[in-house]
Amino acid sequence: FLIPFLVLPVIAFGQTSGGQTLLGLDVKDNISIFSSEKKEKVIARMGHDFQQEDFLLINILDAKGEMYFVNAMHAVAGDSVKGWISRKEKLVVYNKESDTLVKLYKLPSPGTAVNEVTYLTGEFTVTGYSKGWLKVIVNTATSKATGWLAPEDQWNNPYATNN
C-alpha cells in the first residue's frame with residue numbers, strides 16, 4: 001500500500017525533464033549543499049535515510065565549472081533544497097528501459113551518433129550535464145563506455161529501477 005506514496009514524489013520530481021539523478025546508493029554520508037557555486041556557505045547537509053528507505057533524489061538544473069545547481073529532495077519525506085553541490089559527489093541514474101541495452105549519444109543532442117551498449121549493472125555514474133542530458137559511464141562486459149543519456153531514457157526511482 002506504500003507504492004503509490006513512494007512513486008508520487010518521483011513522478012512529481014519530473015522524470016521527463018532530464019537531469020534526474022540519485023545520490024549513489026553506496027554513499028553513506030550526507031553531502032553539502034552550498035548557497036553558491038563558490039561554496040561560500042553550506043545551506044544544508046542531506047543524504048539517504050536508509051533506516052526509513054528515504055533516498056535522496058538530485059535534479060540537476062545547471063552546471064558551472066566543478067559544481068551542479070540542483071534541487072535535492074527526499075523521495076518519501078519530500079523535503080527539498082535548491083543549491084550547489086560538487087560534481088565530485090557520486091550521482092547515478094538508471095536506464096528507463098528494462099533491458100540491458102542503452103543508447104549513448106556522442107553529444108547531448110538527438111541528431112548525433114548513437115552507440116548502443118550492453119551494460120552489466122543498471123546503475124550509471126553521472127559525470128556531466130547539459131540541458132537535461134546526462135553524461136554517464138556505463139560498465140560493460142569488457143570495459144566502460146561513456147556517452148550522453150537522453151532525458152527520456154533517464155530513470156532515478158530507487159524503488160523500481162527497471163533493471
Validation row: [X], [Y] side chains within 4.5 angstrom (heavy atoms):
| X | Y | value |
| --- | --- | --- |
| Ile31 | Leu56 | yes |
| Thr21 | Asn156 | no |
| Phe69 | Lys82 | yes |
| Glu89 | Tyr68 | no |

Run the salt-bridge test on Asp26 and Lys90 with the 4.0 Å N-O cut-off and return the result as yes or no. yes

In terms of heavy-atom contacts, does NZ of Lys28 have more than 12 from other residues, nucleotides or ligands at under 6.0 Å? yes

Begin from the C-alpha positions of Leu23 and Phe55 and carry the test side-chain contact (heavy atoms from CB on, under 4.5 Å) through to its verdict. CA-CA 8 Å; Leu23 185 63; Phe55 301 106; over 6 Å; no

Check for a donor-acceptor pair, side chain of [X] on one end and backbone N or O of [Y] on the other, with a separation under 3.5 Å.
| X | Y | value |
| --- | --- | --- |
| Arg87 | Thr127 | yes |
| His48 | Asp29 | no |
| Gln154 | Gly132 | yes |

Atom pair [atom1] ([X]) and [atom2] ([Y]), whose distance is rounded to the nearest 0.5 Å:
| X | Y | atom1 | atom2 | result |
| --- | --- | --- | --- | --- |
| Tyr129 | Asn59 | OH | CG | 7.5 Å |
| Asn95 | Trp155 | CG | CH2 | 11.0 Å |
| Asp54 | Asp79 | CG | CG | 7.0 Å |
| Phe124 | Tyr94 | CZ | OH | 10.5 Å |
| Leu134 | Leu104 | CG | CG | 11.0 Å |
| Gln20 | Ile60 | CD | CD1 | 9.0 Å |

Determine, step by step, whether Thr146 and Lys135 satisfy the side-chain contact (heavy atoms from CB on, under 4.5 Å) criterion, reporting the C-alpha distance in whole Å, the side-chain angles of both residues, the deciding distance to 0.1 Å, and the verdict. CA-CA 7 Å; Thr146 301; Lys135 190 167 191 180; 3.6 Å; yes

Parallel, tilted or perpendicular, judged at 30° and 60°: which one describes the rings of Trp133 and Tyr105? perpendicular

Starting from the C-alpha separation in whole Å, work towards a yes-or-no answer on side-chain contact (heavy atoms from CB on, under 4.5 Å) for Val126 and Ile58. CA-CA 11 Å; Val126 176; Ile58 307 282; over 6 Å; no

Closest heavy-atom contact between Ile33 and Gly83? CG2-CA, 3.6 Å

Using side-chain contact (heavy atoms from CB on, under 4.5 Å), reason through Asn30 and Met46 one step at a time and then give a plain yes or no. CA-CA 5 Å; Asn30 287 345; Met46 297 178 80; 5.6 Å; no

Linking I/L/V/M/F/W/Y whenever any side-chain heavy atoms sit under 4.5 Å apart, do Ile137 and Leu91 land together? no

